[in-house]
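Let me begin by presenting the structure, written as C-alpha cells, before commenting on it.
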There are 2 protein chains.
Amino acid sequence: MKDLSPKQDQILDFLRSFIEEKDYPPSIRDIQEGCAISSTSVVDYNLRKLEDKGYIRRDREISRGIEILGARGRRARIVEIPVLGSIAAGQPIPVPTSDRFGNDTQDMVAVTEDMVRGKTNVFALRVKGTSMIEDLIDDGDIVFLEPARSAVDGDKVAVWLKDREEVTLKRIYHEGDRVRLQPANSTMQPIYTSAENVEIQGKFISSFRPSD
Amino acid sequence: MKDLSPKQDQILDFLRSFIEEKDYPPSIRDIQEGCAISSTSVVDYNLRKLEDKGYIRRDREISRGIEILGARGRRARIVEIPVLGSIAAGQPIPVPTSDRFGNDTQDMVAVTEDMVRGKTNVFALRVKGTSMIEDLIDDGDIVFLEPARSAVDGDKVAVWLKDREEVTLKRIYHEGDRVRLQPANSTMQPIYTSAENVEIQGKFISSFRPSD
DNA sequence: GTTCGGCGCGAACATGCGTTCGAAAGGCGC
DNA sequence: GCGCCTTTCGAACGCATGTTCGCGCCGAAC
C-alpha cells in the first residue's frame with residue numbers, strides 16, 4: 001500500500017477520468033491507448049500491481065471488470081433523495097410520488113447514507129418561514145424526513161392539515177382527542193386541531209442549510 | 001419516452017442493481033442470465049428499444065458499453081468532501097492534507113455539488129460547542145467551508161489562533177490592528193486578538209445537522 | 001381466414017478483450 | 001563485471017461478448 005510508479009499513477013488517473021466520462025471502466029486496450037503504452041501485457045502487469053497494492057479490484061476473465069478502490073473507490077454508500085417541494089408555505093406538497101423513476105426532472109440531492117442514518121425512502125422538503133427557528137431550522141433550510149404515519153409527543157413531524165390543505169412542520173403533541181402543533185417560535189401560536197384533521201407525513205431526521 | 005414492456009422494465013431494474021453492486025455494467029449475457037431470458041438477441045432487441053426510448057445509452061461494439069440515462073442516470077454531479085476534524089473544541093485540526101487520495105481512512109461525506117455551490121476544495125468540520133448557536137449552528141453540526149485566507153467583516157470563518165493553537169468558528173471583524181472574533185451566543189464574550197495571531201482557514205458555506 | 005408488426009428464440013459469426021509466454025531491457029547491490 | 005528483481009515488449013491464444021439472420025409465436029387489423 002505504498003507509493004506507485006509513474007506509470008501506475010498514470011493508469012490510475014486514466015481509470016478515474018475514463019469512468020467519470022463514460023460511466024463504465026476501460027478495457028485493457030483502452031488503457032493501453034490512453035496511456036500510450038506499447039503492449040497490453042504491460043497494462044496487465046501494472047494492473048496486477050495496483051490490485052496488489054489495494055488500489056483497484058479486478059474481476060478476472062471479465063471485460064472491463066475493474067473497480068477503483070480506496071479513497072474514492074471505497075465509496076460510501078450514496079443515496080439520492082427527492083426534494084418533493086416546500087413546507088409550511090401554504091401550498092400543498094405533491095404527494096410522494098411512486099418513487100421508482102417516473103420523477104425525471106425532480107429535484108434531487110445526494111448524500112452519504114450516514115447523513116440520513118441509513119433510513120430508507122427518505123424524502124426532503126424546503127422549509128419556508130421561521131416557525132421552527134428555535135429548533136434551529138431556518139427559512140430556506142432543507143429538512144430530511146422519513147415516512148411515518150405516527151409520532152410520539154415532541155417529535156418534529158411534517159403533517160398534512162386536511163382542512164387547510166397544507167403541509168407544515170411542527171412539533172406534535174397529542175392532547176386527548178385533539179392535537180397541538182407547536183411551532184418553535186415564541187412569536188407564533190400553536191395550532192390546535194382535531195386528531196382526524198392531521199395526517200402525519202414524515203418524521204424529521206436531519207437538516208441542511210444551503211447558504212449563509 | 002413512454003411506458004415499457006415488463007421485460008424492458010425488468011432489464012432496466014437489473015441494470016441498476018448490477019451496476020450498483022459491481023460498479024461496471026453487465027454484458028448482454030449477464031443480463032440474459034439475470035433476467036432469465038433465453039437468447040442474447042432478445043436482450044439486444046430490448047436494449048435497442050430502451051435506447052430508442054432514451055432510458056440508456058449504448059456504445060456499440062464495446063463490451064458492457066451501457067450507460068443508464070434519465071432519472072438516476074443523469075446523475076447529478078457528486079462531490080466528496082473530507083471531514084477534517086472538529087472545530088472550536090480546543091484541539092487543532094489536521095492541516096488540509098494534499099487531498100489527492102492519500103487520505104484513505106478519512107471521514108468523507110458526499111453531497112450534490114449544488115449543496116456547496118460548485119465551490120472547489122471544500123472541506124468540512126464538526127462543530128463542538130454552542131458558540132454559534134444564534135447563527136443556528138449547533139453542537140454536532142457539520143459545517144462546510146471553502147478555503148480562504150481573508151474575509152470581510154461579519155463573515156463566519158474558521159480561524160487558527162496561533163497563540164492558543166486551536167481552530168474556532170466565529171464571525172470576524174477587523175478593528176484597527178486587532179481582530180474581534182464574535183461568537184453568536186449572548187452568554188459568550190468575543191475574542192480580541194492581534195491580526196497577526198489569526199490565520200483564516202476557510203469561509204462558511206453551508207451546514208448540516210445530522211440528527212435531531 | 002390472411003396479413004402484418006411486435007416480440008421471442010437459437011445458432012452462427014466476427015471481434016473485443018483478458019491472459020499467457022518467452023525474451024529483453026533497465027535498475028541495484030555485490 | 002555478475003546475479004536478481006522489476007518492468008517492458010510483442011505476439012499469439014482463447015474465451016467473452018456484441019451482432020446478425022432466419023424462423024417461429026402471437027394478437028390486432030383487415
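Chain naming here is simple, since letters A, B, ... match the order of the sequence lines and numbering starts at 1 in each. Values reported hereafter were calculated over all heavy atoms of this structure, with side chains retained and with hydrogens, waters and symmetry mates removed.
Not one side-chain nitrogen or oxygen of B:N46 sits closer than 4.0 Å to the OP1 or OP2 atom of C:dG6. The phosphate of C:dG8 (OP1 or OP2) has a side-chain N or O of B:K7 nearer than 4.0 angstrom.
Proximity of B:R58 to B:E67: side-chain heavy atoms (C-beta onward) are nowhere separated by under 4.5 Å. Side chains of A:L169 and A:R171 form no contact here, defined as non-hydrogen atoms less than 4.5 Å apart.
No side-chain N or O of A:D44 forms a donor-acceptor pair with one of A:S41 less than 3.5 Å apart. Side-chain polar atoms of B:S63 and A:R64 form a donor-acceptor pair below 3.5 angstrom.
As rounded to whole Å, 14 Å separates atom P of D:dA16 from atom NZ of B:K22. Atom NZ in A:K53 sits roughly 11 Å away from atom C1' in D:dT6 (whole-Å rounding). Remark: C1' of C:dC17 and CG of A:L47 are 13 Å apart, rounded to the nearest angstrom. Whole-Å rounding puts the A:Q10 CD to D:dT7 P distance at 15 Å. Rounded to an integer number of Å, the gap from B:R64 CZ to D:dT17 P is 4 Å. Look at CG on A:D52: it is 11 Å from P on D:dT7, rounded to the nearest Å.
For DNA chain D, the residues of residues 26-38 of chain A within the heavy-atom distance limit of 4.0 Å (strictly under) are A:S38, sorted by number. If you check residues 56-63 of chain A against DNA chain C, the residues with a heavy atom closer than 4.0 Å are A:R58, A:R60, A:E61, A:I62, A:S63, listed by number.
Contact record, B:C35 with B:F14: SG-CB, 3.7 Å, taken as the closest heavy-atom pair.
If you check D:dT19, D:dT17, C:dT19 against the side chain of B:D44, the one that comes closest is D:dT19. In this structure, the nucleotide among D:dT19, C:dA11, C:dT20 sitting nearest to the side chain of A:R48 is C:dT20.
Each of A:T40 and A:K49 has a nearest nucleotide on DNA chain D; the 5'-most of these lies closest to A:K49. Place B:S41 and A:S41 on DNA chain C by their nearest nucleotides, and B:S41 ends up nearer the 5' end.
Note that OG1 of A:T130 and CG of A:D139 are 7.0 Å apart. Values are rounded to the nearest 0.5 Å.
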Please assess B:D30 against B:S27 for the test side chain to side chain donor-acceptor pair (under 3.5 Å), listing each intermediate value before the final yes or no.
CA-CA 5 Å; B:D30 286 334; B:S27 68; 3.2 Å; yes
Could you give me the CA-CA distance, side-chain angles and deciding distance for B:R60 and B:E51, then say whether salt bridge (charged side-chain N to carboxylate O under 4.0 Å, His left out) is met?
CA-CA 11 Å; B:R60 295 311 168 82; B:E51 191 177 17; 2.8 Å; yes
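Between A:Y24 and A:F18, the ring planes are perpendicular. Angles over 60° get that label, and only those under 30° would be called parallel.
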